[in-house]
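This report concerns only the one structure given below.
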There are 2 protein chains.
Amino acid sequence: MARVVEADGAVDVIDIDDPGDSRLDDFRDLNSVDRRPDLPSGKGLVIAEGVLVVQRMLASRFTPRALLGTDRRLTELTPDLAGREVPYYRVSAEVMAEVVGFHLNRGVLAAAVRVPEPTVAELVSGARTIAVLEGVNDHENLGSIFRNGAGLGVDAVVFGSGCADPLYRRAVRVSMGHALLVPFARSTRWPGDLAMLRERGFALLAMTPDPRAEALSTAMAAVRDQPLAVLVGAEGPGLSEHAMRASDIRVRIPMSRGTDSLNVATAAALAFYERSRLPE
Amino acid sequence: MARVVEADGAVDVIDIDDPGDSRLDDFRDLNSVDRRPDLPSGKGLVIAEGVLVVQRMLASRFTPRALLGTDRRLTELTPDLAGREVPYYRVSAEVMAEVVGFHLNRGVLAAAVRVPEPTVAELVSGARTIAVLEGVNDHENLGSIFRNGAGLGVDAVVFGSGCADPLYRRAVRVSMGHALLVPFARSTRWPGDLAMLRERGFALLAMTPDPRAEALSTAMAAVRDQPLAVLVGAEGPGLSEHAMRASDIRVRIPMSRGTDSLNVATAAALAFYERSRLPE
């Protein structure tokens, strides 16, 4: 074991040459495991990829229990890791590729166990703007919504029915690590929790391509002084009729050139932007 | 040869069982060809995938010279194809997968040759809002910019240096076919063409994460009565110093939670949205 000593502590560096070493099992065959962490075969680990996302994991409620990476990435991460009780398994790029099952040019991974999630009621306490997703089952869209939400003032994310796992590797990567930082909760009473949000003072704004809906800027101006929940559904089907009926305002983004809707993460970004552009 | 006759004409349907049939060469090994159509080995064909994108190709300046698809997609496309002089090669899903080299669940492809592109000066004549891209070398981002631009009132797209091919299959697919519909031109004098745009009355607005830049809503309000060019650079490096210096206003999207920039297509969408949300 090597120890890279920094002013504020040491990093536990463990050199490994054997791709079969069982200490690397958290990182094995990443393409084939954990798409469904809810199944008994799922490990449910949260995996961060790349220096930036690993740094965000270190700043999040998910504490890494191991890192796997090259020497170069160790150098970049040493200031972040110094003094922390987590092993850095230092390997060659070749060993890394063999363990994870593909060439990973980001050069470093961190693995953390999941932590208990808050209830929706706990989550939204004190929030001013939240996103509520229904049927968003694409990891890339989910990740983009977290990234856009983090940048554009969203305090928390609620998952209604039919959403993909925000902690799946691809979602975390596309979110640039914000899926680890922006708090979220899964609704266990859907769409019943929408009524609870309204009781707590949230205006429920449902995004739809319906041309009869209100224009985004008008709708946002009307709710500017209220806590707000922006509801978005999957591209294609959109929000369910249940969710639509439970909402207060149906809102559309004014579109040119025919009837196309935008990608769900882009539509959400426009809503978040319109919300945050209003003077406080 | 079969002919599916509609009220307004017939479709030339040709059944093919042999994946090696040379008439299918336009669609062969799509994963490995034409990433670089500018190279001598590149065929430079424009490929549309799926019913919606094929319909958009049929409405565009790119005239398909052949279609390859299943019987089911033929049924869906017959009204669009009736009376047109283009063969529909009808194959099984298995033959289709063998020809293109992967399973393609969209079930239909169309191939068209490229057409001459306008100059930048021709392109922008009469345009009110254009997007100008520099270094956007990712096909997915490029496609998203076309999709967002089409929906949010962009009249034309100018490519500065270092951009990927907007007619590459993946860009066309992600654009939902709008890369075939929104007119574009490649700058042959970069960044010199920016001065030409200014001479023609365009305000040049450069997107940047720089916190000293002007906020998007303020900047857009100042140029609302002028033709506008929105300049965006690649994620990461952003616009070159040349392009920055040639622009009139540096503009940022006000962001929360640290210094992250948004994805380039999302940032562009917010700029297009802010432009189109202003009263005319």
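Chain naming here is simple, since letters A, B, ... match the order of the sequence lines and numbering starts at 1 in each.
- The structure places CD1 of A/I253 at 12.0 Å from CZ of B/R277, a figure rounded to the nearest 0.5 Å.
- Between A/M255 and B/L152, the shortest heavy-atom contact is SD-CD2, 4.4 Å.
- Among the candidates A/L270, A/T266, A/L216, the residue making the largest number of heavy-atom pairs closer than 4.5 Å to chain B is A/L270.
- Heavy-atom neighbours of B/R61 CZ from other residues, nucleotides or ligands within 6.0 Å: above the threshold of 12.
- Of all non-hydrogen atoms in A/S256 and B/A150, the two that sit nearest each other are OG-O, 2.8 Å.
- A search for salt bridge (Lys or Arg N to Asp or Glu O under 4.0 Å) contacts involving B/D248 returns B/R198, not counting sequence neighbours.
- Separating the CD atom in A/E140 from the CD atom in B/E140 is a distance of 5.0 Å, to the nearest 0.5 Å.
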